[in-house]
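Here, residue 1 is the first one in the sequence, and each next residue gets the next number. The shown structure was predicted, so the numbers you read here are calculated from the model rather than taken from an experiment. The figures that follow rest on heavy atoms only: side chains count, while hydrogens, waters and symmetry mates do not.
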Amino acid sequence: MNPVFFATVLTVAAIFIWLFFIRGKRQKQQLPPFYNLDIEDWLQALEQRPNAILLDIRGNAALGRDSIPNAVLVNFEQRPEFVEFLHGLDLDQPYFVYCEQGQWAAKACEVMYNNGFKQLYALRGGFAAWQVAQGKDWTI
C-alpha cells in the first residue's frame, strides 16, 4: 500500500472523527446560561418552582411603586453593589429576574450566570408585561 495514500486516509479519518464526534459532543452538552421567557412561560415556570426567588432589579426607580409580590428589590444599575448582593445568595436556587421592560433582566442574568448561578429566568417585556398580564395599565 502506498504510504502517502495511507497517510491521507488516516488524516481524513481523524478530521472526520474530530468534526462529528468530539466537536459535536462538546456543542450538544452546552446548556443556555439562562432562560429569557415571555410572560406566560415565565409565570408557568415560576409556578412550578415554589422556592424561587424573585428579583426586581429596577432598584431605586421602583421604590414606592408597584412590584410583583414577594420580589426582592436590588439595583442592577449599581453593578458593584449588585455583585456584592449576589455573594450572599444560594447559587442553586431558581431566580426569576425582571426589570421595567425586559432589557436589563437578561443582562442581570448574564452577570449572575458568570457568578455561578444555575437556574435563571429573565422576564422578556419586564414589569410592563406582568402588569398587562394582570389586566393593569402599564405605567412607568
Problem set entry | Stepwise ring pair (Phe, Tyr, Trp, His ring centres under 6.0 Å) test for Trp42 and Phe96 | CA-CA 8 Å; Trp42 194 79; Phe96 286 74; 5.5 Å; yes
* To do: Evaluate the criterion side chain to side chain contact (heavy atoms under 4.5 Å, CB included) for residue pair Lys107 and Cys99; output intermediate values, then yes/no.
  => CA-CA 10 Å; Lys107 293 189 184 309; Cys99 60; over 6 Å; no
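When each of Met112, Arg49, Gln93 is tested with Gln119 by the rule side chain to side chain contact (heavy atoms under 4.5 Å, CB included), just one qualifies, namely Arg49.
Looking at heavy atoms from C-beta onward, Gln48 lies in side-chain contact with Gln44 at the 4.5 angstrom threshold. Residues Leu55 and Phe85 form a side-chain contact, since some pair of their non-hydrogen atoms from C-beta on lies under 4.5 Å apart. Taking 4.5 Å as the limit, every side-chain heavy atom of Trp130 sits out of range of all side-chain heavy atoms of Tyr98. In this structure the side chain of Pro94 reaches within 4.5 angstrom of the side chain of Asn51, judged on heavy atoms. Taking the side chain as every heavy atom from C-beta outward, Val97 and Leu54 never approach each other to under 4.5 Å. Side-chain contact between Glu84 and His87 is present, with heavy atoms from C-beta onward closer than 4.5 Å. With contacts defined as side-chain heavy-atom distances shorter than 4.5 Å, the pair Phe127/Asp66 qualifies.
In this structure, CG on Asn70 lies 9.5 Å from CG on Leu46, to the nearest 0.5 angstrom. In this structure, the separation between SG on Cys109 and CG on Leu123 is 10.0 Å, given to the nearest 0.5 Å. To the nearest 0.5 angstrom, Ile53 atom CD1 is 7.0 Å from Asp90 atom CG.
Judged purely by atom type and a 3.5 angstrom limit, Asp41 has no side-chain atom pairing as donor or acceptor with the backbone of Leu37.
Heavy atoms only, all atoms of each residue included: Arg124 and Ala129 are closest at O-CB, 3.9 Å. Nearest heavy-atom pair across Ala108 and Ile57 is CB-CD1, 3.6 Å.
Centroid-to-centroid, the aromatic rings of Phe34 and Tyr121 stay 6.0 Å apart or farther.
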Between side-chain atoms of residues 72-82 and protein atoms elsewhere (two or more places apart, or another chain), which donor-acceptor pairs fall under 3.5 Å?
unit_1	atom_1	unit_2	atom_2	d
Asn75	OD1	Glu77	N	3.0
Arg79	NE	Phe76	O	3.2

